[in-house]
Every structure is written in C-alpha cells, then in structure tokens.
There are 2 protein chains.
Amino acid sequence: MAETNQGLSIGQVAERTGLSVHTLRFYEREGILAAPVRRGPGGRRVYSDGDVEWLHLCVNLRSAGMPLPAIRQYAELVRQGADGEEHLLALLRQHRDQVTTEIEQLTESLGLITRKIGAYAERLARGVTGPVRCTPPPTGRPSGEEPRRSWRAGPA
Amino acid sequence: MAETNQGLSIGQVAERTGLSVHTLRFYEREGILAAPVRRGPGGRRVYSDGDVEWLHLCVNLRSAGMPLPAIRQYAELVRQGADGEEHLLALLRQHRDQVTTEIEQLTESLGLITRKIGAYAERLARGVTGPVRCTPPPTGRPSGEEPRRSWRAGPA
DNA sequence: CTACGAGTTGGAGCCGACTCTAGATCAAGT
DNA sequence: ACTTGATCTAGAGTCGGCTCCAACTCGTAG
C-alpha cells in the first residue's frame, strides 16, 4: 500500500477516478486541472499522485453538483497559490452553502413523495380508485419565485 | 380564497408554477401532462386547477432530479388509471430511494468540503502557505466504482 | 520488421432540458 | 379601426457535459 507510484497513465487514472479517458482529456482542455499534466516521452500524459488526488476532489465537487466553470475557477485560484486563498476559501464556503440548501430541498421533496406513496399504498390496499389529491397544504407561494437557478459562477 | 377559478391561461400558470410559458408548451409536447389541456375558443390553452397541481408535482420531481422521460412514464401510468397503479407506486418508491441515496451522497460531499474549509481556514489563520493535503483518510475505494450514473427510465 | 494495443490530437456529434424566433391569430381597450 | 399584448404553431438554437471518431505515434513482443 506504500506504493506511492510516481506517474500513472491516463488509463490508470481513469480506472482509479472513475472518469473515462475521454473525460480526463476533456477536463484538461477545460482547464479543470490544478497543474498542467506532465508529459512523458512521446507526449503522453503522466499523472502524479497529486493530480489523482485533485481529480478525486473534482469528482466529489461534480457529484455535489458543482458545474465545471466553478471548478475551473477553483483550479485557477489554486494555481495562484497564496494570492487566491481568501477567495478560494470563500468559494468553498459558497459551495458548502449550496450543497446544504440542496440537501434541504431534496429532503423536502422526499417528504412530499413519501406522503404520496403513503396515500397510494393505502388506496391500493383498500381497492379504491381515482386520482389522488396529492399536493400537501398549499405552500403559500402565490408567484414571484424563481424556479431555482442552481449554482452560478462567473464566466471563465 | 374560495376562488377555485375554472381555467387559467398559460401565462397565469407560468406565474404560479415558476415555469416559463415556453416550458409549459414544451412539457405538453413531451407528454409530461397527465391529461391533455383543454382549449378555449381560438385554440388557447385553458388549464384546470388539477393541471396546475400536476405541474407543481412535476416541478417537485424535476427539482428532485427526476428526468423528463421518467416523469412522462409517470404521467402515462396516471393516464392509465387503475391499471397502472401498482407500477406507479413502484416508480414512486424507486424515486424515493433515488432521492434518499442522493441525499446521502450530498451529505458525504458536505462533510468533505467542510473538512477542507476547516483546513484552509486554519492555515490562513496561522499564515502558513502551500498546498493543502486534502483528501480525508483514504476511503478505501481503490477502483472499480462507477461514477454514479443517475437515474434511468425506459425510452419513451 | 511488423503487428498490436494503448496513447495522442483536434474536432464532430449527442443528449437532456430548455429557450428563443418568426409569423399568424385573437381579445380587449381607446 | 387600430394598436397592444398575450397566445398560437413549428422549428431552430443554446448550453452543459460528455462521448466518439479519424488519423497518427509509441513501445513492446514475436
């Protein structure tokens, strides 16, 4: 396990990050990587452990719904080193809040669907038929509410 | 409050669902609506309260990450009435599970990012500089883990 | 030397979910 | 009658995030 191998091929990295080789190249083109990937003889990408770690983080951020532009921004800040650290911290905090509200949203959704399941299951059990009155007590949002434009991160 | 108005225009529905008129027409074309929308003189759409309720549900499902094909399927089952109820219930349960694991995922992500924030904040506080060792104790996922292919619902 | 498999590049294509355009029609107000 | 503004239809365009292709280069094994 102490095998801190110095240099992985794109295929190997694909394996251990769960991303496809296509996606890895794509991310690189998109400036998602914190540092430019080293190239071995023949121009082949040689990924360091740091790269892989970074990619794991990216996968995490992605699966938390962070769009590529935001990740790129993050990467840029990391590249800048100390200069961007404040900003970087702010970005992370924003992301955290984003995820938090996302979780709240989903939890709410979960409640709704669970109620619906309950209603349907009961109806089925007693053989009743007809449409189910589904929405819970009116949430009191008459209008003027935006449909939740996820994220937002300045253009590259 | 007792104003159970019989028939809303597309614009009014857009207002109270948060969807754009474009999207409303789009959804209709896509077979997302449980019942065909009535048309008034001049061929204009006249939405019933039931339609609006249904749309609210759709908005909810969407924001919980359910893709349109799955919602269409749902709508089809509702159209079939009693015949599809078992299936419908199954679909809802699947969705619930989906959302549940999604929440788990996000919660995990949240933990990671929170740890990172802690690390960065501390470093900044004490003026240290340099890259942060970010991944938490190796999660023990050496490879062979799919990158989480969300949903899946049969083709239209 | 040759063949093969894994890499490389740039660019095209695809999918989901909207989003917008154009041109016609309609309903109401002045 | 005319204008304004909401709707209508059909279809094209956009955007994010991949996904795949063609054509070429390596390194190694036979």
Side-chain angles (χ1 to χ4, degrees), chain A residues 7-33 36-47 51 55 58-73 75 143 146-156, chain B residues 7-33 36-47 51 55 58-75 146-156:
Chain A
L8 299 170
S9 74
I10 194 169
Q12 292 172 308
V13 174
E15 252 177 45
R16 51 203 83 182
T17 56
L19 299 167
S20 72
V21 288
H22 297 301
T23 304
L24 284 171
R25 292 194 278 252
F26 171 70
Y27 277 12
E28 190 174 339
R29 250 180 291 162
E30 295 290 297
I32 295 306
L33 271 61
V37 181
R38 250 186 338 167
R39 296 306 179 110
R44 310 200 157 186
R45 290 170 179 83
V46 178
Y47 292 83
D51 292 333
L55 281 165
C58 290
V59 168
N60 248 286
L61 296 177
R62 281 291 302 125
S63 86
M66 192 186 274
L68 294 185
I71 299 183
R72 169 168 39 233
Q73 210 178 351
S143 80
E146 284 304 298
R148 214 176 83 68
R149 283 272 145 269
S150 57
W151 276 87
R152 224 37 328 245
Chain B
L8 299 169
S9 74
I10 195 171
Q12 292 172 308
V13 174
E15 254 177 44
R16 53 202 81 182
T17 56
L19 299 167
S20 72
V21 289
H22 296 300
T23 303
L24 284 171
R25 290 193 278 250
F26 169 70
Y27 277 11
E28 189 175 339
R29 260 189 313 235
E30 293 292 295
I32 295 305
L33 271 61
V37 181
R38 246 186 339 163
R39 296 306 180 110
R44 309 196 158 190
R45 290 169 179 84
V46 177
Y47 292 83
D51 293 332
L55 283 166
C58 290
V59 169
N60 248 286
L61 296 177
R62 282 291 302 125
S63 86
M66 190 186 275
L68 293 185
I71 298 184
R72 170 167 38 233
Q73 211 178 351
Y74 187 127
E146 284 304 299
R148 216 175 79 68
R149 284 270 146 269
S150 56
W151 275 85
R152 221 45 322 247

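Just so it is clear, the structure is predicted and the values come from calculations on it, not from any experiment. Chain identifiers are assigned alphabetically (A, B, ...) following the order of the sequence lines, protein sequences preceding nucleic acid strands; residue numbering begins at 1 within each chain.
- Regarding B:Glu30, its CD atom lies at a distance of 14 Å from the C1' atom of D:dA10, rounded to whole Å.
- When every heavy atom of A:Arg62 is checked against every heavy atom of A:Met66, the shortest pair comes out as NH1-O, 2.8 Å.
- Taking every side-chain heavy atom of B:His22 into account, C:dT21 is the closest of C:dA17, C:dT21, C:dT9.
- The separation between B:Arg72 atom CZ and C:dG16 atom P is 9 Å, rounded to whole Å.
- Between the C1' atom of C:dA17 and the CE atom of B:Met66 lies a distance of 16 Å, rounded to the nearest Å.
- Taking every side-chain heavy atom of A:Arg45 into account, C:dT8 is the closest of D:dG17, C:dT8, C:dC18.
- Heavy atoms of A:Ser9 sit under 4.0 angstrom from primed sugar atoms or phosphate atoms, though from no base atom.
- The residue among A:Arg25 and B:Gln12 whose nearest nucleotide of DNA chain D is located toward the 5' end is B:Gln12.
- The listed nucleotides are C:dC18, D:dC18, D:dG17; the one nearest the side chain of A:Tyr27 is D:dC18.
- In terms of heavy atoms, B:Asp51 sits closest to B:Val46 at OD2-O, 4.2 Å.
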With a 3.5 Å cut-off and sequence neighbours excluded, list the donor-acceptor pairs that the side chains of residues 21-33 of chain B form with protein atoms.
{"unit_1": "B:Thr23", "atom_1": "OG1", "unit_2": "B:Ser20", "atom_2": "OG", "d": "2.8"}
{"unit_1": "B:Glu28", "atom_1": "OE1", "unit_2": "B:Arg45", "atom_2": "NE", "d": "2.6"}
{"unit_1": "B:Glu28", "atom_1": "OE2", "unit_2": "B:Arg39", "atom_2": "NH2", "d": "3.3"}

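- When distances run from any side-chain atom of A:Thr23 to the nucleotides D:dT19, D:dG17, D:dC8, the shortest one goes to D:dT19.
- As a whole-Å value, the separation of A:Phe26 CZ from C:dC14 P is 17 Å.
- Atom CD1 of A:Ile71 is separated from atom C1' of D:dG16 by 12 Å (rounded to the nearest Å).
- In this structure, CG of A:Leu24 is placed 11 Å from P of C:dG7, rounded to the nearest angstrom.
- With distances taken from any side-chain atom of B:Ile10 to the nucleotides C:dT8, D:dC8, D:dG17, the minimum falls on D:dC8.
- For A:Arg29, the listed nucleotide lying nearest its side chain is C:dG11; candidates were C:dA17, C:dG11, C:dT9.
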What does the list of N/O pairs under 3.5 Å between the protein and nucleotides 24-27 of chain C look like, with a distance for each?
{"unit_1": "C:dC26", "atom_1": "O2", "unit_2": "B:Arg44", "atom_2": "NH2", "d": "3.2"}

